[in-house]
Amino acid sequence: MAHPGYGKRSAPDQQPRSGHDFMLLPLRERSIAGFIDHLPDGAAMDVKSLARQLPLYGQQAVGSALKALSVAGHLRRVRCLVSGAGGQVRWVFRTFWSRTARDNEWWAHLVGAEREQSAIAGPVGVEPSVAEPSVAEPSVAEPSAVEPVVVRPVTPVVPRQRAQEPAPPASDDRSPAYAALARLGRVDARLALSAADCAVLEPLAAEWFARGVDADYLVRALAAGLPAQVDSPVGFVRRRLTDKIPPHPPAVPQPPAAGAPVRLVMMECTKCGAPGRAEALPDGLCRPCRLPGDEEPLADLPAERDVRTYVAGLRDLLKAP
């Protein structure tokens, strides 16, 4: 078994196990696929661990078989960066296994769902307990000694005159978009706008501010490259506000809350382990590993038809003195 979070993870929505599973695969891949399918979730799925448990196949044969199973749509390798409490960051490697062959779109959807899944729930709040009202028992007042009363002279209070409060400053209810349009006439007289013109163009200029620009940027964009004569400043500014509107700013990812774990899930190549997006790893393989002719010949390994003879020879060697 692998460490918690590592190893095999069964994919959802698989067909029930039957005797016809993996019948379209070659003998070696069918044998290794049947062995992997019976492993429990969390079992080690690396090449060394599988080769240690499969005496008929070495590491090179197991690696080639895993690559073929990935191309057939039965497995994908995924790495997940998990940051827990205390700032500890570690990589978690998982191998998703599906008895039912799946296409690249299905695996990409599975990895995307794994990325969006929240691993840690928020802290559970403790509901404030409502204290039961306590009934005060009537107490009998004990007699106490009577203290002497001291009479102090009363000082007459003279009311002070309240100082006159300053009048609040007049509030300017004009928006930054209106103020920026009003500045155009001071920057260049050819773009002088009246108050009515500024009020008409204010919604268009407000859209610029909604996209993350400031007043200086708006004024420079509208006043740059003016023609020698502007017959209609309001029409000219309206056209520029519409044609030169900036794009929407890219969405900024929200930083995680303090103490919350950070998850970064991405697929990796089944053969070489190179990380990448699911779209960049069709069949679970990177581009160099998908090139034909990259398979190295198996040296000093018997053919599949000679497996029984090879095993019988090993038994004879063990019996020899």
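Model, not experiment: these values are computed from the prediction.
For A108, the side-chain contact (heavy atoms from CB on, under 4.5 Å) partners at least two apart in sequence or on another chain are A278. Under the rule for a side-chain contact (heavy atoms from CB on, under 4.5 Å), the partners of V234 that lie at least two apart in sequence or sit in another chain are L193, D197, L201, S232, R238. With sequence neighbours excluded, the residues satisfying side-chain contact (heavy atoms from CB on, under 4.5 Å) with A65 are R28, E29, I32. Evaluation of the salt bridge (Lys or Arg N to Asp or Glu O under 4.0 Å) rule for D188 yields R190 as partners, not counting sequence neighbours. Taking R239 as the reference, D243 meet the side-chain contact (heavy atoms from CB on, under 4.5 Å) condition, with sequence neighbours excluded.
A donor-acceptor pair is defined here as one N or O able to donate and one able to accept, closer than 3.5 Å; such a pair exists between the side chain of R186 and the backbone of A182. Here the side chain of S70 pairs no donor or acceptor atom with the backbone of T270 at under 3.5 angstrom. Using a distance-only test at 3.5 Å, with no hydrogens or angles considered, a donor-acceptor pair links the side chain of Q53 to the main chain of S49. Side-chain atoms of R211 come within 3.5 Å of backbone atoms of P246 as a donor-acceptor pair (strictly under, hydrogens ignored). A donor-acceptor pair is defined here as one N or O able to donate and one able to accept, closer than 3.5 Å; no such pair exists between the side chain of W208 and the backbone of V213. Although no hydrogens or angles enter the test, the distance criterion places no donor-acceptor pair under 3.5 Å between the side chain of S31 and the main chain of L27. Within the 3.5 Å criterion, the main-chain N or O of V78 finds no donor-acceptor partner in the side chain of R94. When atom types are taken as modelled, the side chain of R102 and the backbone of G73 share no donor-acceptor pair closer than 3.5 angstrom.
Residue R287 places its CZ atom among 12 or fewer non-hydrogen atoms of other residues, nucleotides or ligands, all under 6.0 Å distant.
Y178 is not connected to V187 by any chain of hydrophobic side-chain contacts under 4.5 Å among Ile, Leu, Val, Met, Phe, Trp and Tyr, and they are in different clusters. A chain of hydrophobic side-chain contacts below 4.5 Å, direct or via other Ile, Leu, Val, Met, Phe, Trp or Tyr residues, connects L69 to V47. Taking hydrophobic clusters as Ile, Leu, Val, Met, Phe, Trp and Tyr residues chained together by side-chain heavy-atom distances below 4.5 Å, L75 does not share a cluster with V71. Criterion: ILVMFWY side-chain heavy atoms under 4.5 Å apart, direct or through other members. Under it, V219 and L241 are part of a common hydrophobic cluster.
For the pair P12/L110, a side-chain contact is recorded, criterion being any heavy-atom separation below 4.5 Å from C-beta on. You'll find the side chain of W97 stays beyond 4.5 Å of the side chain of R9, heavy atoms only. Using a 4.5 Å heavy-atom threshold, the side chains of F236 and L226 count as touching. The shortest distance between side-chain heavy atoms of V111 and F96 does not fall below 4.5 Å. Side-chain contact between S98 and H74 is absent, with no heavy-atom pair separated by less than 4.5 Å.
Shown here for C198 and L181, the closest heavy-atom pair between the two residues is O-CD1, 3.7 Å. The shortest non-hydrogen separation linking L191 to A223 is CD1-CA, 3.9 Å. Scanning all heavy atoms of the two residues, the minimum distance from A215 to R183 falls at CB-NH1, 3.8 Å. Heavy atoms only, all atoms of each residue included: F209 and A177 are closest at CE1-CA, 3.5 Å. The minimum heavy-atom distance linking A221 with R240 is given by the pair O-NH1, 3.6 Å. Shortest non-hydrogen contact noted between A180 and L218 is CB-CD2, 3.7 Å.
Between atom CG of residue L285 and atom SG of residue C272 there is a gap of 8.5 Å, rounded to the nearest 0.5 Å.
The side-chain hydrogen bond (donor to acceptor under 3.5 Å, both in side chains) contacts involving residues 15-26 comprise R17-D37, S18-D21, where partners must be two or more places apart or lie in separate chains.
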> Under the side chain to side chain contact (heavy atoms under 4.5 Å, CB included) criterion, do D46 and L66 qualify, and how do the steps go?
Replying inline: CA-CA 10 Å; D46 58 289; L66 292 179; over 6 Å; no
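For the pairing with T95, the side-chain hydrogen bond (donor to acceptor under 3.5 Å, both in side chains) check across R76, K8, R77, E268 returns one residue only, R77.
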